[in-house]
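These values consider heavy atoms only, across backbone and side chains, with no hydrogens, waters or symmetry-generated copies.
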Amino acid sequence: MVKEVYQAILERIILYGVELWYRNGIKMNMKLLQILRYPPLSITKAYRTTSNEALQVLSGCIPIDLKAQMLCELDLKLRGVSDGSVSSGIDFELEEKIIPWEVFRINWSLYKNMCSFFSVFTDGSRMNGRIGGAYVIYYGNDEIDFSLFRLSDNSSVFMAEAFAISKAVDEIIFRKMEYVDLITDSRSTLMSLHSLKEKRRFINNIKRKIANYNGRINLKWVKAHEGTMGNERADFLAKSAIDKEEIDICFGETKSEIKLLAKNKMIQCWQDRWNSSKKGKVTRSFFSKVCLNRVKGDFYLNQIFTGHGIFRTHQSRFFNKSIGCQCGRGVGDITHVLLFCHLWKDKRDKLNIKAGTSLKYLMRWEKFQVFCRFVIQSLLNLELN
């Protein structure tokens with residue numbers, strides 16, 4: 001619950017307008033990490049001496065400075081600000097501002113039967129990570145022409161469907177067909193052409209070409225895989241286009257791709273930082289990989305995961321107490337207390353722990369976790385008494 005509140009409220013407040021004020025510098029990054037040290041402490045219930053790096057890994061909270069860097073880079077890319085690299089391909093999601101009185105919609109209807117004039121069926125398909133599109137032209141029931149094309153692998157089926165319609169409209173205009181039915185099984189594409197709120201330039205260009213054409217283009221929707229002759233033929237051609245070696249049309253990165261790449265880069269930077277950190281060695285022995293979903297909020301178990309707590313190695317380091325275990329037979333570190341200390345031998349023997357079993361493995365076992373809580377509670381009582 002604390003983590004949800006932190007991510008939904010506090011983190012958003014701190015990062016509000018980050019694109020304007022953030023500068024990637026050591027001083028600013030350290031200040032951000034200091035400000036947001038307390039939420040991970042509250043989430044994990046760990047000792048206040050625990051390092052920021054360990055708290056972030058235990059709570060699954062991304063370092064705030066890395067989050068700020070990601071948001072700034074994301075903002076630049078989504079706004080199309082060049083970073084010096086050469087971009088290639090059509091920007092399918094490029095938006096445009098349209099004057100309100102120039103906004104219009106393209107209507108569509110349900111396909112029933114093949115007309116006696118021209119009919120053009122379009123389709124897009126994805127298989128094995130590849131994507132293709134196609135259109136096929138009929139006059140009455142006779143096929144007179146078709147075209148198929150392979151799109152870049154980062155394209156979506158929606159993009160293939162929209163591109164197929166765009167190419168079909170271009171062909172209709174080139175052939176000067178006076179009356180034609182344009183049929184697709186992509187309801188989402190038809191809805192975007194019908195929408196008054198559509199801002200993507202690629203879609204709006206299709207709308208303008210249809211509206212400004214001297215002939216009549218009737219958009220129609222047909223249910224996929226129902227045995228409709230033209231639709232099945234277009235589907236076959238679109239799947240055939242997938243097998244082409246050469247890519248006919250390249251689309252640039254989509255917003256979802258840009259966001260995913262930015263997120264993966266942020267997590268990798270976090271992982272690199274965790275790997276190279278000189279702090280949190282005990283925590284790293286349990287959790288070598290960072291994870292956004294991890295939430296370790298147990299006060300007792302986190303003393304084991306961090307090495308900060310009731311154990312004498314920690315007490316000696318911070319409070320100048322004796323480093324020896326309460327049993328008097330060894331150093332009071334985590335391994336000795338949990339696996340060898342004779343004070344807890346009876347409880348430990350009931351678990352039938354195999355010799356040589358690592359503590360990292362044992363900490364995944366619920367019964368051993370119960371044993372650990374008992375030991376730490378008992379040690380706390382011994383210290384208080």
Side-chain angles (χ1 to χ4, degrees), residues 1-8 10-11 15 24 26 29-30 32-34 36-74 256-309 311 313-314 333-335 338-339 353-354 356-373 376:
M1 181 62 182
V2 178
K3 183 177 180 179
E4 283 78 5
V5 172
Y6 162 67
Q7 292 181 328
L10 185 57
E11 187 180 75
L15 294 177
N24 187 13
I26 296 176
N29 290 339
M30 291 299 295
L32 283 172
L33 292 172
Q34 288 173 7
L36 293 181
R37 172 175 169 78
Y38 293 101
L41 266 175
S42 300
I43 294 168
T44 60
K45 303 178 179 67
Y47 271 55
R48 295 178 68 180
T49 53
T50 307
S51 66
N52 278 336
E53 290 87 343
L55 291 174
Q56 291 158 1
V57 170
L58 288 173
S59 63
C61 294
I62 191 83
I64 193 69
D65 61 315
L66 295 182
K67 186 71 173 287
Q69 292 174 34
M70 183 200 73
L71 292 175
C72 290
E73 292 177 7
L74 202 57
S256 58
E257 281 184 301
I258 292 172
K259 290 178 180 178
L260 180 61
L261 290 172
K263 182 180 178 181
N264 290 338
K265 180 183 176 181
M266 175 184 66
I267 294 174
Q268 185 58 52
C269 289
W270 184 18
Q271 182 67 57
D272 294 340
R273 180 182 293 185
W274 179 233
N275 292 340
S276 61
S277 176
K278 296 180 180 179
K279 299 179 180 180
K281 291 182 180 179
V282 175
T283 306
R284 189 158 48 248
S285 68
F286 289 100
F287 307 106
S288 59
K289 300 292 184 181
V290 300
C291 177
L292 293 173
N293 297 325
R294 183 182 293 122
V295 178
K296 299 294 181 181
D298 192 300
F299 168 71
Y300 300 105
L301 297 184
N302 278 345
Q303 294 184 51
I304 301 171
F305 290 139
T306 63
H308 289 241
F311 299 102
T313 46
H314 175 260
D333 60 10
I334 299 170
T335 303
L338 296 178
L339 299 182
I353 299 173
K354 294 182 180 179
T357 306
S358 67
L359 192 58
K360 180 179 180 180
Y361 177 81
L362 289 172
M363 287 302 295
R364 302 172 186 172
W365 186 21
E366 180 63 31
K367 289 184 178 180
F368 187 77
Q369 291 181 6
V370 173
F371 166 73
C372 291
R373 293 189 187 96
I376 294 174

Any chance you could measure [X], atom [atom1], to [Y], atom [atom2], to the nearest 0.5 Å?
X: Asn29; Y: Gln34; atom1: CG; atom2: CD; answer: 11.0 Å
X: Asn264; Y: Met70; atom1: CG; atom2: CE; answer: 10.5 Å
X: Ile64; Y: Leu15; atom1: CD1; atom2: CG; answer: 4.0 Å
X: Leu338; Y: Leu359; atom1: CG; atom2: CG; answer: 6.0 Å
X: Leu301; Y: Ile376; atom1: CG; atom2: CD1; answer: 6.5 Å
X: Leu339; Y: Ile334; atom1: CG; atom2: CD1; answer: 10.5 Å

Excluding sequence neighbours, so at least two apart, what forms side chain to side chain donor-acceptor pair (under 3.5 Å) with Gln268?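 Per chain and number, Gln268 pairs via side chain to side chain donor-acceptor pair (under 3.5 Å) with Asp272.
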Can you name the side chain to side chain donor-acceptor pair (under 3.5 Å) partners of Gln271, sequence neighbours left out?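 Side chain to side chain donor-acceptor pair (under 3.5 Å) check on Gln271 returns Asn275.
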Kindly indicate whether the side chain of [X], heavy atoms from C-beta on, has any atom under 4.5 Å from the side chain of [Y].
X: Arg364; Y: Gln369; value: no
X: Met363; Y: Cys372; value: yes
X: Thr283; Y: Trp274; value: yes

Return the set of residues passing salt bridge (charged side-chain N to carboxylate O under 4.0 Å, His left out) with [X] (not counting sequence neighbours), or none when no residue passes.
X: Lys263; value: none
X: Lys67; value: Glu11
X: Asp65; value: Arg273

How would you list, by chain and number, every residue that makes a side-chain contact (heavy atoms from CB on, under 4.5 Å) with [X], sequence neighbours excluded?
X: Glu4; result: none
X: Ser358; result: Lys360, Tyr361
X: Glu257; result: Asn154, Glu253, Thr254

Return the minimal non-hydrogen interatomic distance between [X] and [Y], and the atom names on each side.
X: Tyr6; Y: Pro39; answer: CD1-CB, 3.5 Å
X: Leu33; Y: Pro63; answer: CD2-CB, 4.3 Å
X: Ser42; Y: Val2; answer: CB-CG1, 4.1 Å
X: Ala46; Y: Leu41; answer: O-CD2, 3.6 Å
X: Lys45; Y: Phe299; answer: O-CD1, 3.2 Å

Determine whether Val5 and Leu10 satisfy the following criterion, side chain to side chain contact (heavy atoms under 4.5 Å, CB included), listing intermediate values before the conclusion. CA-CA 7 Å; Val5 172; Leu10 185 57; over 6 Å; no
Ile26 vs Met30, side chain to side chain contact (heavy atoms under 4.5 Å, CB included): CA-CA, chis, key distance, verdict: CA-CA 6 Å; Ile26 296 176; Met30 291 299 295; 4.1 Å; yes
Quick check: are there more than 12 heavy atoms from other residues, nucleotides or ligands sitting under 6.0 Å from NZ of Lys259?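 No, the 6.0 Å shell around NZ holds no more than 12 heavy atoms from other groups.
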Strictly by salt bridge (Lys or Arg N to Asp or Glu O under 4.0 Å), give each pair with a member in residues 281-305 just once, sequence neighbours left out.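 Salt bridge (Lys or Arg N to Asp or Glu O under 4.0 Å) check on residues 281-305 returns Asp298-Arg373.
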Assess, by modelled atom type and distance only, whether the side chains of His308 and Ser51 contain a donor and an acceptor separated by less than 3.5 Å.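 Side chains of His308 and Ser51: no pair found under 3.5 Å.
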Just do the side-chain hydrogen bond (donor to acceptor under 3.5 Å, both in side chains) check on Thr306 and His314 with the steps written out, would you? CA-CA 10 Å; Thr306 63; His314 175 260; over 6 Å; no
Identify, with sequence neighbours excluded, every residue that meets ring pair (Phe, Tyr, Trp, His ring centres under 6.0 Å) alongside Phe371.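 Ring pair (Phe, Tyr, Trp, His ring centres under 6.0 Å) list for Phe371, sorted by chain: Phe368.
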With sequence neighbours excluded, residues passing ring pair (Phe, Tyr, Trp, His ring centres under 6.0 Å) with Phe305: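 By the ring pair (Phe, Tyr, Trp, His ring centres under 6.0 Å) rule, Phe305 matches Phe286, Phe287.
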Let me check something: any side-chain donor-acceptor pairs from residues 52-61 under 3.5 Å, sequence neighbours excluded? List them with distances.
from  : atom 1 : to    : atom 2 : distance (Å)
Asn52 : OD1    : Arg37 : NH1    : 2.8
Ser59 : OG     : Leu55 : O      : 2.8
Ser59 : OG     : Gln56 : O      : 3.4
Ser59 : OG     : Cys61 : N      : 3.3

